[in-house]
Every structure is written in C-alpha cells, then in structure tokens.
Amino acid sequence: MRLPLIRMGSGLAALALLASTPPAVATEPLPPSTADAMAQAASPQAMAEYRRKLKEYQEARAAFEEEAGAYWASISEKRKGRNAKRRERQAITLNDYVLTQPPVYTGPKRPVSPEPEEEKPPRERKPLPVVADFLKAAAEHFQFTPQRPATEVEFKRAYARYALASGLTREQAVRVYSFETGGNGNYDMQSGLNPSKPGSRAISTAIGYNQLLTTNSVELLAEQGHEIIKELTARAATLSGAPRKAMDHKLAVLKRMVAFTRTVPDTWSEHEKLAKTPQGWAVHAMVLDIDVGPMLQTHKLLTSVHFARAKGYNRPLTAAELEMMNLTGDGTGLDMVTMPQAMREQVPTSNFFQRGGYERNPVAIRHNTVAKLLAITDERMDFNSSKPGAKELATAF
C-alpha cells in the first residue's frame, strides 16, 4: 500500500513519511522496501516533461491514425469497386486501385514514464496443436492412424504422380514447394518447427509441401472429398488381402470425415471453426497419409488453377502467380495475376491486404508493388530450387 502513495505524492509523500517519523528512528537506515520506493519516485520536473512529451506523441499519433484510417478506407472502397466491375465484366484500370503507398508514422515515439508502472501478467498464449495432437485426435475421434510413407521420396513420388495426372506442371509443383518449404521441407514439416533447432515452436498449423492449414484440410475435404473417395474406391478395387482391408477402413474413415466437414455452410469462416475442434485436428491428420496427403497437397494448388480458368484466365499460371493465389486467396491473387505488367509496376501491394495483415508483412512492405512482390517470389523460388529437397521432388516427376 505504501508504493502507490509515494507514486501519487512524489516527493511530498517522502517528506510526509520523514515528518511523521520520531527523531530517533529518522537517523536509522530506511527499510529496503521504503528506500526502493523513494528512489523510484519521479520528481515533479520529470513528470512534467513526461506529460509534455506524451501529449506531443498522442497528438502526432492521432493525426497519423486519421490519415491512415482514410487511406485504408479508400483501399477497401476501391476493392469493392473492382469486385463490382468484375461482376459486370467491365475492364479494370489503374483508376480502380489506390496508387499511393500507405502512410508511415514518423512522429515521436511514445515516451517512457519516469515512474515505475505496475507489471501486467504476461498474456497467456494458447499453444498451437502440432502433428502429435493431430494424430491423437484422429485416433480418438475416428479410430484412424494415417498410413505414413516409408521414406520421404515415397511421398514425393506419390505427390508427383497425382499432381501431374491432375494437371499441375513439374515447374509449378517444384517451385511452389521451394517457396513454401525453403527447398528442403518434408511431407510432415510444420511451419516454425525445425528438427535441427531444439526449442523451435510451431507458428501455425501449416503442414507439408504446400503448407496446408487445418482450415485448408477441412475445406478441401468438404469440397473435394467425394472426388478423393471416388479415386480411392477405384484404387481399392485393384487390391486384395490386407492392403484391401486397410484401404476399405481408410475409405470408411474418409467418408465420416467428409460428412463432418459438410455439417456447416461452405465458407472459410465456418470451416475455420470446425478446424479448431479436435475433430478438425483429426481431419488435418490426413495430410500425413500416403494416399490422401498427396491429393490434398495437389488440390490446394489445383483449386487456384480451376478458379482462374473459371474466371476466363486461360493462360498457364507461372509458379509465382500460382503462389500469389495460394498465399492471398484465389480472388485476391487473381486480381494480381490478371494485371498487365505495366500496371503491376505501379500498383502498390497494399491494395491486396487488410491493414493489420499488411503491417505484419515485411515482405509486402519492402517489395511494395505487385511487380516487385512477384519478382522476389520468383527470386526465392530460383534460389531454393537448387536445394536437395527441391531437386529430389523434381526428380520424382
């Protein structure tokens, strides 16, 4: 209770303490807690200077927020306008984009109070589920354990076969893999986790060659599940004995999972809710299966290819263009992909983000036009394609 009084009264509180102390006691050393509190008390001059600087900061920040708010509101309005024009099949021009870069705060930093502030308890971060959690959920909720490949190259070959048969090119698959995994990722690699780095932590639920999130797995089974079941049923007809029995069980589980993913409307937000449940984690475990995993990884990219074609874009997508759709979503990605080169060089990347997402994305900020963003994507693909994992995947094709 003493520390707040000294904080509030500053030097006056310290004087009050001394005045109320008998002379015999005043000559003795102060208790450590009292001495520390007095040492931490800020002088009136220091507090006055702090308040002056705080006022300057607040005014500068308010002015910036007003400018930034107007900027991002215009980004949103332009995006709505482009969507409306596309629905009417009207041409998109430079005037349909915000052509200036987002405002950057250049005012004073928030000053540090000269008085000690009450320590706030650290915000509890809910740990992200990892592969072990997905496997456990699959066993508990669907009585299923994914059939893992004997080797990494076995999964790569399965992925290459299915990707080629489905219409992806070797260049698209290998270069996207190179970008998403750094050129050395395994089929069960989770974003942020690195076996060679003890203590590394998952930064998302993304797994595998094309980094599928739990929500991706739920959405893909909801939308492509019947096609996957159809193909595996045909494959099962060629098997007998134990392999046939295992495939029949896998198909039964897959049907239950597809039924689960279709219990909600076919929207990303609804699929995201399912993906956060233990059953959703169980669905995500299918990305590890030697039969289903390559299909899910392929369909993650194939849906973007089909989306572009459905929108009338029939030119083959480059790997960098496909990655833009993979990263930002099909609608937003296609907005960039269909843009002529001259426009790409002028349109800021901010046109394709919400404010929060943009401000957390140093790559989009540094490479701040569509042309620059595609160029750095290609550059990283070039560099990572020379790594062992990428070379092994290329050979698998």
> Taking it one step at a time, do Arg315 and Glu321 satisfy salt bridge (Lys or Arg N to Asp or Glu O under 4.0 Å)?
Replying inline: CA-CA 11 Å; Arg315 182 177 66 75; Glu321 290 172 339; 2.9 Å; yes
> Would His299 and Leu296 count as a side-chain contact (heavy atoms from CB on, under 4.5 Å) if you check the C-alpha gap in whole Å, the side-chain angles of each, and the deciding distance to 0.1 Å?
Replying inline: CA-CA 5 Å; His299 279 291; Leu296 292 173; 5.8 Å; no
> Could you walk me through whether Asp335 and Arg86 pass the salt bridge (Lys or Arg N to Asp or Glu O under 4.0 Å) check?
Replying inline: CA-CA 10 Å; Asp335 197 354; Arg86 284 196 179 87; 2.5 Å; yes
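With sequence neighbours excluded, the residues satisfying side-chain contact (heavy atoms from CB on, under 4.5 Å) with Glu392 are Glu152, Val153, Lys156.
Using a 30° and 60° split on the angle between ring planes, Phe353 and Tyr358 fall in the perpendicular class, above 60°. Between Tyr187 and Phe155, the angle of the ring planes stays under 30°, which puts this pair in the parallel group of the 30/60° scheme. Ring-plane geometry between His249 and Phe144 is classed as tilted, the angle between the planes lying from 30 to 60 degrees on a 0 to 90 degree scale.
Looking at Pro114 and Met47, their side chains come closer than 4.5 Å, going by heavy atoms from C-beta outward.
Partner of Tyr209 under the ring pair (Phe, Tyr, Trp, His ring centres under 6.0 Å) criterion, chosen from Tyr162, Phe179, Tyr159: Tyr159.
Judged purely by atom type and a 3.5 angstrom limit, Tyr105 uses its side chain to pair as donor or acceptor with the backbone of Pro108. In this structure, the side chain of Glu270 does not engage the main chain of Thr263 through any donor-acceptor pair within 3.5 Å.
Hydrophobic clustering (ILVMFWY, side-chain heavy atoms < 4.5 Å, transitive): Phe260 and Leu251 are in one cluster.
Judged as a salt bridge (charged side-chain N to carboxylate O under 4.0 Å, His left out), not a single pair has a partner in residues 360-374 (not counting sequence neighbours).
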Pairs of donor and acceptor atoms involving the side chains of residues 218-230, under 3.5 Å and at least two apart or interchain, shall be tabulated with distances.
residue, atom, partner, partner atom, Å
Glu219, OE1, His271, ND1, 2.9
His226, NE2, Arg262, NH1, 2.9

